[in-house]
Amino acid sequence: IPQGAVTLQAELNRALVELDNDGTLALLTDQYLGPHSGASPPPPPEATPAPGATPTPSAAACIDGMAYIEDLNYDDENMQNPPEFQKGESYNKGWRVRNVGTCAWTDQYQLRYVYGNEPESQMGGRPITIVGEVQTRQTVDMDVSLKAPTESGAYQGFWQMFNPAGRAFGETVWVGIIVPPEMPTPTVTSTPAPTVTPGPSVTSAPLPTWTPTPPPVVGPNWVLVLIADESGTPVDPVPGSVVTASFAADRTLSGSTSCNSYTGGYRAKESTIKITGVTATRLACPTDELNSQENKFLVLLEGVTRYAVAGNQLQLSRGDNVTLVFQGQ
């Protein structure tokens with residue numbers, strides 16, 4: 001990879017994770033390098049069994065994989081047109097997913113809430129346990145009972161499949177809704193119409209053409225160099241991860257979380273900024289540490305309220321607390 005090609009590196013990493021999740025890498029390894037490639041040498045054979053005894057071959061480890069098929073209801077159209085629910089209103093959200101791995105799903109597998117754009121984005125949803133068995137290439141419908149938050153706003157909650165070892169895998173699915181504000185009843189007061197005396201006609205001068213100046217976040221490809229930890233202190237990203245952000249003049253945002261790519265929108269004025277509608281691809285990262293950083297980054301990104309650009313460094317803050325620091329490339 002050429003030096004500085006961070007976007008290419010992120011896309012290659014994302015593709016490798018996807019191939020690993022759906023079992024393609026394991027199948028290619030067995031086909032071209034042999035079934036024991038990359039593994040420790042098999043142990044020496046035991047003594048020849050007595051006549052009539054049939055040795056039982058050891059089963060190869062299976063691979064977990066899950067692919068999103070479709071929303072069964074309340075499609076938010078990538079948060080461009082989320083359904084509206086009143087404060088505290090109950091509803092059920094459903095998805096259709098497919099087992100694309102080689103492991104059968106049993107009642108030890110669950111679809112769980114993993115993160116959201118707001119603390120209330122779980123909306124009371126509890127883990128969904130697989131009923132029966134879902135074999136390779138089979139689809140299953142997952143349904144969760146939710147309740148809209150009691151504060152108005154846009155809410156997006158992400159869910160992911162977990163195996164019996166408690167590890168997340170496959171694509172993420174999400175639910176996105178809008179809780180509209182309560183509209184006050186207007187008070188109408190009749191006002192008598194004023195008497196207008198016509199004056200001399202006035203020819204208006206043409207208004208000057210105004211070209212907006214893009215905010216200083218536009219232009220560089222920003223690469224994450226610090227991210228707030230649980231205590232709010234900025235720390236280094238996970239070694240080897242490449243997290244990026246690119247702000248366009250048309251107020252769109254795109255980038256990489258190292259394992260996935262994401263898009264969204266933003267508004268920036270003077271030193272304030274608001275990032276909305278962030279959606280990401282749904283691949284699981286290869287390690288829990290990367291999964292945790294990716295989830296935290298997406299939540300912090302939509303929570304920022306202020307920005308500052310000094311030289312080739314961009315700081316994004318929530319209030320007075322710096323949460324994300326990028327270096328320009």
Side-chain angles (χ1 to χ4, degrees), residues 1-49 53-70 95-106 108-111 114 130 133-140 160-173 223 237-244 255-262 280-295:
I1 302 174
Q3 184 174 1
V6 293
T7 302
L8 174 61
Q9 181 181 354
E11 286 301 302
L12 287 173
N13 288 340
R14 181 193 62 75
L16 287 171
V17 171
E18 183 177 13
L19 291 172
D20 192 25
N21 284 341
D22 66 17
T24 301
L25 289 185
L27 294 175
L28 292 174
T29 300
D30 287 348
Q31 181 178 353
Y32 292 103
L33 303 179
H36 297 294
S37 175
S40 301
E46 298 179 357
T48 303
T54 303
T56 303
S58 59
C62 60
I63 298 173
D64 288 313
M66 186 272 274
Y68 160 83
I69 303 300
E70 61 180 337
W95 305 275
R96 179 164 295 158
V97 299
R98 174 174 285 125
N99 182 351
V100 295
T102 58
C103 300
W105 299 347
T106 66
Q108 300 298 307
Y109 285 73
Q110 288 185 327
L111 186 69
V114 285
I130 293 292
E133 280 197 1
V134 180
Q135 300 295 331
T136 299
R137 310 310 300 175
Q138 286 185 337
T139 62
V140 62
Q160 196 161 15
M161 191 71 78
F162 284 74
N163 66 13
R167 290 188 175 275
F169 66 90
E171 296 182 299
T172 56
V173 295
V223 178
V238 175
S241 64
V242 181
V243 181
T244 66
S256 165
T257 62
S258 196
C259 305
N260 288 279
S261 58
Y262 67 91
T281 53
R282 309 162 182 258
L283 300 174
C285 297
T287 67
D288 291 341
E289 190 177 18
L290 281 171
N291 271 318
S292 177
Q293 175 178 279
E294 177 177 85
N295 296 342

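For the numbers below, each heavy atom of this structure counts, side chains included, while hydrogens, waters and symmetry mates do not.
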Just by distance, do the side chain of Ser258 and the backbone of Val242 share a donor-acceptor pair under 3.5 Å?
yes
What is the distance from atom CG of Leu111 to atom CD1 of Ile130, rounded to the nearest 0.5 Å?
8.0 Å
Quick one: does any side-chain atom of Asn260 pair with a main-chain N or O of Ala280 as donor and acceptor, under 3.5 Å?
no
Say you draw a straight line from CG of Leu283 to CD of Glu171; how long is it, rounded to the nearest 0.5 Å?
6.0 Å
Can you name the closest pair of heavy atoms from Ala67 and Val100 and give their distance?
CB-CG1, 3.7 Å
Without swapping roles, check the side chain of Ser261 against the backbone of Gly255 for a donor-acceptor pair under 3.5 Å.
no
Find the distance between CD (Glu294) and SG (Cys285) and round it off to the nearest 0.5 Å.
4.0 Å
Report yes or no: does Thr102 contribute a side-chain atom to a donor-acceptor pair with the main-chain N or O of Cys62 at less than 3.5 Å?
no
Backbone N/O of Ser256 and side chain of Thr244: donor-acceptor pair under 3.5 Å
yes
With sequence neighbours left out, write down each residue that passes side-chain hydrogen bond (donor to acceptor under 3.5 Å, both in side chains) with Thr24, or none if nothing qualifies.
Asp22
Correct closest heavy-atom pair for Gly65 and Asn99 would be O-OD1, 3.4 Å
Is there a side-chain contact between Pro286 and Cys259, using heavy atoms and a 4.5 Å cut-off?
yes
Polar side-chain atom of Ser292 near backbone of Asp288 as donor-acceptor pair, under 3.5 Å:
no
Under the rule for ring pair (Phe, Tyr, Trp, His ring centres under 6.0 Å), what residues qualify as partners of Tyr262, not counting sequence neighbours?
Phe297
Okay, side chain of Gln293, backbone of Val238: is any donor-acceptor separation there less than 3.5 Å?
yes
Between Gln138 and Glu133, what is the shortest heavy-atom contact and its length?
OE1-O, 4.0 Å
Would you compute the distance between atom OG1 of Thr257 and atom CG of Leu290 and round it to the nearest 0.5 angstrom?
9.0 Å
Roughly how far, to the nearest 0.5 Å, is OG1 of Thr281 from CD of Glu18?
8.5 Å
Apply side chain to side chain contact (heavy atoms under 4.5 Å, CB included) to Asp64 and list each qualifying residue two or more places apart in sequence or on a separate chain.
Cys103, Tyr109, Asn163, Phe169
Can you tell me how far apart OG1 (Thr139) and CD1 (Ile69) are? Round to the nearest 0.5 Å.
7.0 Å
